[in-house]
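Since the structure comes first, as structure tokens, the remarks are kept for the end.
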Amino acid sequence: MAASGPAPVARAVTLPGEPTQTSTLALEKGAAALQSFKPVNRMHAHLCAFHFYAYDMGRQVEAHHYCTHYNEEMRQCAIFDTPDADARLIGIEYIVSERLFKTLPDEEKKFWHSHDYEVMGGILFLPGVPKVAERAALSEVAKTYGKVFHFWQVDKGDSLPLGLPQLMMSFTSDGQLNPALAADVERRFNVSFKDNAEYRKNLTGPDEGVHPNANSWRSGKGLEPASREVDCE
């Protein structure tokens with residue numbers, strides 16, 4: 001599989017529905033003062049990366065991850081289309097250590113992707129974080145595996161999250177990320193993927209190498225979710 005055609009860049013859009021009323025804003029402000037937002041407040045890191053549909057590498061999406069360390073071997077991330085205040089929540093990703101990934105059934109492993117190339121290829125980055133601190137943080141990420149679903153197909157221009165959740169994958173070598181999408185992100189965030197790759201060239205991926213059951217699309221067979229009717233019990 002290879003990148004083909006110009007990849008759309010996700011942008012926040014005007015969503016359908018009536019404008020938010022003053023009374024609603026007042027209620028939200030009151031709730032914010034009284035309620036606990038402990039799960040949200042634990043989000044500690046913003047990572048910018050790219051995903052493609054597990055059955056179509058030509059459909060590539062910019063993905064802003066806001067992540068929580070559940071523990072030393074698992075993270076959970078909310079994914080937005082932009083880092084702006086009006087960003088759309090488009091998906092989730094779970095990230096596990098190499099050790100935990102190896103405990104998964106082989107049938108489950110096919111839904112997961114490796115992160116080593118994203119890190120060492122320079123295309124995954126932490127916006128605004130100094131390179132030294134970023135490199136230290138990503139040295140751990142390079143050894144992990146992720147499972148990600150997108151619920152909102154923003155690349156199609158959908159104004160609402162339509163259809164089934166879509167399994168997504170990430171890149172494993174040079175030449176796969178659409179150059180137009182890469183250049184646009186580099187410009188907007190003032191980063192150089194080439195410079196990132198050079199600075200991270202001594203980092204390493206999983207200790208035992210990328211597991212053959214991960215990145216299942218490399219077998220030439222993609223994974224496209226489908227629904228079917230069943231009798232209700």
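Since the model is a prediction, treat every value here as computed from it, not as a measurement.
For the residue pair A78 and L89, the shortest heavy atom distance occurs at CB-CD1, 3.9 Å. Of all the heavy atoms in Y145 and G209, the pair that sits closest is OH-O, 3.7 Å. The minimum heavy-atom distance linking L177 with L181 is given by the pair CD1-CD2, 4.1 Å.
With a 6.0 Å radius and a threshold of 12 heavy atoms from other residues, nucleotides or ligands, K131 has its NZ atom above the threshold. No more than 12 heavy atoms of other residues, nucleotides or ligands shown are found within 6.0 angstrom of OH on Y70. In the displayed structure, N190 atom CG is contacted under 6.0 Å by at most 12 heavy atoms of other residues, nucleotides or ligands.
Remark: side-chain polar atoms of R88 are not paired, donor with acceptor, to backbone N or O of W152 under 3.5 angstrom. The main-chain N or O of T68 is never found under 3.5 Å from a side-chain atom of Q76 such that the two would form a donor-acceptor pair. A donor-acceptor distance shorter than 3.5 angstrom exists from the side chain of N196 to the backbone of G122, with no hydrogens or angles considered. The closest donor-acceptor contact from the side chain of N178 to the backbone of A180 lies under 3.5 Å. Within the 3.5 Å criterion, the main-chain N or O of Y199 finds a donor-acceptor partner in the side chain of R135. The main-chain N or O of F50 is never found under 3.5 Å from a side-chain atom of Q60 such that the two would form a donor-acceptor pair. Here the side chain of K221 pairs no donor or acceptor atom with the backbone of S216 at under 3.5 angstrom. E186 places a side-chain N or O within donor-acceptor distance of the main-chain N or O of F193, the cut-off being under 3.5 Å. Between the Q176 side chain and the T172 main chain, a donor and an acceptor come within less than 3.5 Å of each other.
The side-chain heavy atoms of W112 and V148, taken from C-beta on, include no pair separated by under 4.5 Å. The shortest side-chain heavy-atom distance between Y53 and L167 does not fall under the 4.5 Å cut-off. Looking at F125 and V185, their side chains come closer than 4.5 Å, going by heavy atoms from C-beta outward. Contact annotation: the side chain of P83 approaches that of F189 to within less than 4.5 Å [non-hydrogen atoms, C-beta and beyond]. Between M74 and I95 the shortest side-chain heavy-atom distance does not fall below 4.5 Å. The shortest distance between side-chain heavy atoms of E98 and T144 does not fall below 4.5 Å. The closest side-chain heavy-atom distance from M57 to M169 is not below 4.5 Å.
Under the disulfide bond (SG atoms under 2.5 Å apart) criterion, no residue pair touches residues 182-233, with sequence neighbours excluded.
Between F52 and F171, the two ring planes are tilted [angle within 30° to 60°].
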Query raised in the report: Given the rule in the side-chain contact (heavy atoms from CB on, under 4.5 Å) test, do V210 and R218 qualify, once you have shown the distances and angles that lead to the verdict?
Result: CA-CA 12 Å; V210 175; R218 294 191 298 179; 4.0 Å; yes
Requested in this report: Step by step, work out the side-chain contact (heavy atoms from CB on, under 4.5 Å) result for F149 and M168.
Outcome: CA-CA 6 Å; F149 281 92; M168 309 295 281; over 6 Å; no
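Applying the salt bridge (charged side-chain N to carboxylate O under 4.0 Å, His left out) test between K102 and each of E208, E108, E73 identifies E208 as the sole match.
Inspection of the K143 and S97 side chains reveals no N or O donor paired with an N or O acceptor under 3.5 Å. A donor atom on one side chain and an acceptor atom on the other are found under 3.5 Å apart for Q166 and Y55. Defined by atom type and a distance below 3.5 Å, a donor-acceptor pair is missing between the side-chain atoms of H113 and S170. At a cut-off of 3.5 Å, with distance as the only test, a side-chain donor of H46 or H64 sits close to an acceptor on the other residue. Using modelled atom types and a 3.5 Å distance limit, the side chains of E93 and H150 yield no donor-acceptor pair.
Distance CD/E62 to CD1/I79: 12.0 Å, rounded to 0.5 Å. A distance of 11.5 Å separates CG of D81 from CG of D155, quoted to the nearest 0.5 Å. Considering NE2 of H115 and CG of N215, their distance stands at 9.5 Å, rounded to 0.5 Å. Here CG of L126 is found 11.0 Å from NE2 of H65. Values are rounded to the nearest 0.5 Å. Put simply, CG on N213 and CZ on F111 are 11.5 Å apart, with the number rounded to the nearest 0.5 Å. Rounded to the nearest 0.5 Å, atoms CE (M120) and NZ (K201) are 14.0 Å apart.
With respect to R99 and E72, no salt bridge is recorded, no charged nitrogen being found less than 4.0 Å from a carboxylate O.
For C67, the disulfide (SG to SG under 2.5 Å) criterion is met by C77, not counting sequence neighbours.
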